[in-house]
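One structure is given below, encoded as structure tokens.
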Amino acid sequence: MASPATAHTAVRSPLDVRGPTEDGRPLDALRFDLAGPPALTRVVADHLGRLGARAQNVDTGDTGDTSDDADAGEIALGGAGFAPVTARTAWGARGSGIEDEATAQAATGVMAVHGRRHGAPRGLGVDLLATATGVLTVQGLLAGLVGQARGGPAPRVGTTADRAGLLAVSQYLAAAGADEPEAVEPAPGGPPFTSSDGVLFELETLDPGDWAAFWRALEAPADAIRAGWRPFQFRYATACAPFPVALHEVTRSRTWERVRQAAVVSGAEVCRLRTLAERAGEDDGAAPWSLTTLGAGVTATPEPPPAGRPLSGLTVIEAGRRIQAPLAAHLLGLLGARVIRVEPPGGDPLRGMPPACDGVSARWLALNRGKDAVEIDIKSPEGRRALRALASEADVFLHNWAPGKAAALELDAEHLAAANPALVYAYTGGWADRIDGAPMGTDFMVQARTGVGEAVHPADEPPVPSLMTLLDVLGGLHGAEAVLAGLLLRERTGHGVRVDSSLLGAADTLLAPALRRAALGEEPRRPGGFRRPLRTSDGWIAPSDASAPAAAAYDVRGMCTEDALDQLRSHGLTATPVTTDLSGLSGLHHDPRLSGPIGRDAHGAPAVPDPWSFA
């Protein structure tokens, strides 16, 4: 992360920014100006508005500008005692050839990872990287305001879609550059399953016993049950699940009702793939997070941040598992906070998840490098007292435990706020209590339930949830965004804050354009062949979305990649090579298209560049 410019390094006293704000709206009385392409600015405008800021000048039209900044967004946010914090957001570095969602997905490895279950690169039908870039831009603006309220400078923030893409594939990139192979060799295959009466469904369980009981209830062959568990278990890590064909054959010979009964008796869960039209029909329009002030108020003046990153001097306690909460805390750490990770006695078992770098899981490092760690048994009274003591000295407590667990352990917001009225208590969950009868709140189940499985593929392909962890990543981004909004609300009100975010909120942000089309009765999915790369003799190329219809008319299968690109460019079309090698032997680590270098951490694991720059 870039340090603030020399002219801004002097530490100032905290701003007097307290005043009346509507509950849950940290940007009340602030205004923003915004200009740039809607793909990059849609989420920024929406989230700033939901947080209370008023749009002063918004220009997302086509001005005919052909300058280098024509495809960049510019945002300024200020007022209510704040000097304007400005942001520039773009697809990639100037002249990189990364100029839209398709080319950003191609260059950063997203197409390669999403395509693993298919055996070839595929583009996501949703604008994952534009969405992620928008959330990261809002994060940067909020962080700038938090730092400014504590006496820091009013920074200029930079974000690019290529860095958002590297963040999205950071776990897969880390694994590809590890010292050992994957626990399961990546190969095509995976859910969803299909019943004999044509119902497509997703299956979820975290327990091998429940997995085996489900398949035994359907009378699946014992060898297929045994062989299927490991690829199923690691599908979050590998983005594919090459389990035996016999398991698909079993479900195709059983009715949906029989499948549901097998889930009931086994403890596994199943979820029918819902359509975008169904999700649009039940969409309540809720914000992707909620913020509620707590306690009687805090009168102490916060300490100014040390010169440097905007959250320097703040402490985050993270009790997270898997991806969503650890990623949120990782982002807060990149912004300068000290992150203390709470792990069970013996340490987080995911530290040993293969493949490893220097004896530590490469995937675990991608989300947890740089954090301090403390082992606490939260099931014991002594452990809970220790956690309360940690939280009493912290600025943020963040977790993604199962619903109801925090309350049962007396570690919910009301309990911790009693010891620390200034605490920002953050929960990143699955459903935010917005869906009756919702299944387990994991990435693939939320994809299935909300129509993401339909949206990520064009209209000529069957609905299939991506085995790339789309919502865990976006959920982590939303979690960090919500914490930053909570910290700003605390600065403005003097109260502690509870913030809640969810995978459902992430899905709604991602699906917003498709859900609008569905609500209008239009085709919500992209047309057939959308973002399908073109095969060359030695690789793949991805046309930009604007060039794709014309590029499809050219047969480039017998050409090398460079010749194919030259052919398309000679006809005024834009395309870029698809990155398929994430290992570092070639490809991403040395790709001149990227706006930041991929480095190595102290364990030798690949480390992607910070998603923002601050100046």
Hey, is the main chain of [Y] close enough, under 3.5 Å, to the side chain of [X] for a donor-acceptor pair?
X      : Y      : answer
Glu343 : Ala373 : no
Thr41  : Val44  : no
Arg363 : Ala237 : yes
Tyr427 : Ala432 : no
Lys371 : Gly333 : no
Arg150 : Ser312 : yes
Gln105 : Val110 : no
Arg309 : Leu334 : yes
His330 : Pro326 : no

Would you indicate whether the side-chain heavy atoms of [Y] and [X] approach each other to under 4.5 Å?
X      : Y      : answer
Glu491 : Gln148 : no
Leu488 : Leu51  : no
Leu30  : Leu77  : yes
Val146 : Leu335 : no
Tyr172 : Pro606 : no
Arg42  : Pro513 : yes
His47  : Pro288 : yes
Val85  : Val157 : yes

Which heavy atom in [X] sits nearest to a heavy atom in [Y], and how many Å separate them?
X      : Y      : result
Gly486 : Leu291 : N-CD2, 3.5 Å
Leu471 : Leu503 : O-CD2, 3.2 Å
Ala53  : Phe32  : CB-CD2, 3.7 Å
Leu416 : Leu423 : CB-CD2, 3.7 Å
Ala507 : Val452 : CB-CG2, 4.1 Å
Glu318 : Ala329 : OE1-CB, 3.4 Å

[X] atom [atom1]: more than 12 heavy-atom contacts under 6.0 Å:
X      : atom1 : value
Asp358 : CG    : yes
Asp436 : CG    : no
Arg600 : CZ    : yes

Are Arg490 and Asp395 close enough for a salt bridge, meaning some N to O gap below 4.0 Å?
yes
Carboxylate-amine/guanidinium contact Glu282 Arg434, below 4.0 Å:
no
Checking side-chain contact (heavy atoms from CB on, under 4.5 Å) for the pair His399/Leu411: CA distance, chi angles, key distance, verdict?
CA-CA 10 Å; His399 74 90; Leu411 295 172; over 6 Å; no
Going from [atom1] on [X] to [atom2] on [Y], what distance comes out if it is rounded to the nearest 0.5 angstrom?
X      : Y      : atom1 : atom2 : answer
Ile75  : Leu48  : CD1   : CG    : 8.0 Å
Arg492 : Leu487 : CZ    : CG    : 14.0 Å
Ile317 : Asn420 : CD1   : CG    : 10.0 Å
Gln171 : Ile323 : CD    : CD1   : 4.0 Å
Ile376 : Arg385 : CD1   : CZ    : 12.0 Å
Thr442 : Leu206 : OG1   : CG    : 7.0 Å

Can you pull the side chain to side chain donor-acceptor pair (under 3.5 Å) pairs that have at least one residue in residues 151-165, sequence neighbours excluded?
Glu74-Arg156, Thr86-Arg156, Thr89-Thr159, Thr137-Thr159, Thr160-Asp162, Thr160-Ser595, Asp162-Ser595, Arg163-Ser595
Apply the test side-chain contact (heavy atoms from CB on, under 4.5 Å) to residues Leu484 and Leu311: give CA-CA distance (whole Å), side-chain angles for both, the deciding distance (0.1 Å), then the verdict.
CA-CA 9 Å; Leu484 290 163; Leu311 300 192; 3.8 Å; yes
Report the residues that fulfil side-chain hydrogen bond (donor to acceptor under 3.5 Å, both in side chains) with Gln447, sequence neighbours left out, ordered by chain and then residue number.
Asp443
Return the set of residues passing side-chain hydrogen bond (donor to acceptor under 3.5 Å, both in side chains) with Trp431 (not counting sequence neighbours), or none when no residue passes.
none
Exactly one of Ile598, Val608, Leu365 should register a side-chain contact (heavy atoms from CB on, under 4.5 Å) with Ser170. Which one does?
Val608
The side-chain contact (heavy atoms from CB on, under 4.5 Å) partner of Leu294 among His495, Arg498, Glu414 is Arg498
Assess whether side-chain contact (heavy atoms from CB on, under 4.5 Å) is satisfied between Leu331 and Trp612, documenting all intermediate values.
CA-CA 10 Å; Leu331 292 167; Trp612 330 262; 3.9 Å; yes
Tyr425 vs Phe397 aromatic rings, parallel, tilted or perpendicular, using cut-offs 30° and 60°?
tilted
NZ or CZ of Arg322 within 45° of Tyr236 ring axis and under 6.0 Å:
yes
Leu477/Gln139 under side-chain contact (heavy atoms from CB on, under 4.5 Å): CA gap, chis, key distance, verdict
CA-CA 8 Å; Leu477 295 180; Gln139 288 176 12; 3.9 Å; yes
Chi angles and distances behind the salt bridge (Lys or Arg N to Asp or Glu O under 4.0 Å) call for Arg279, Asp508
CA-CA 9 Å; Arg279 177 63 191 143; Asp508 286 346; 2.9 Å; yes
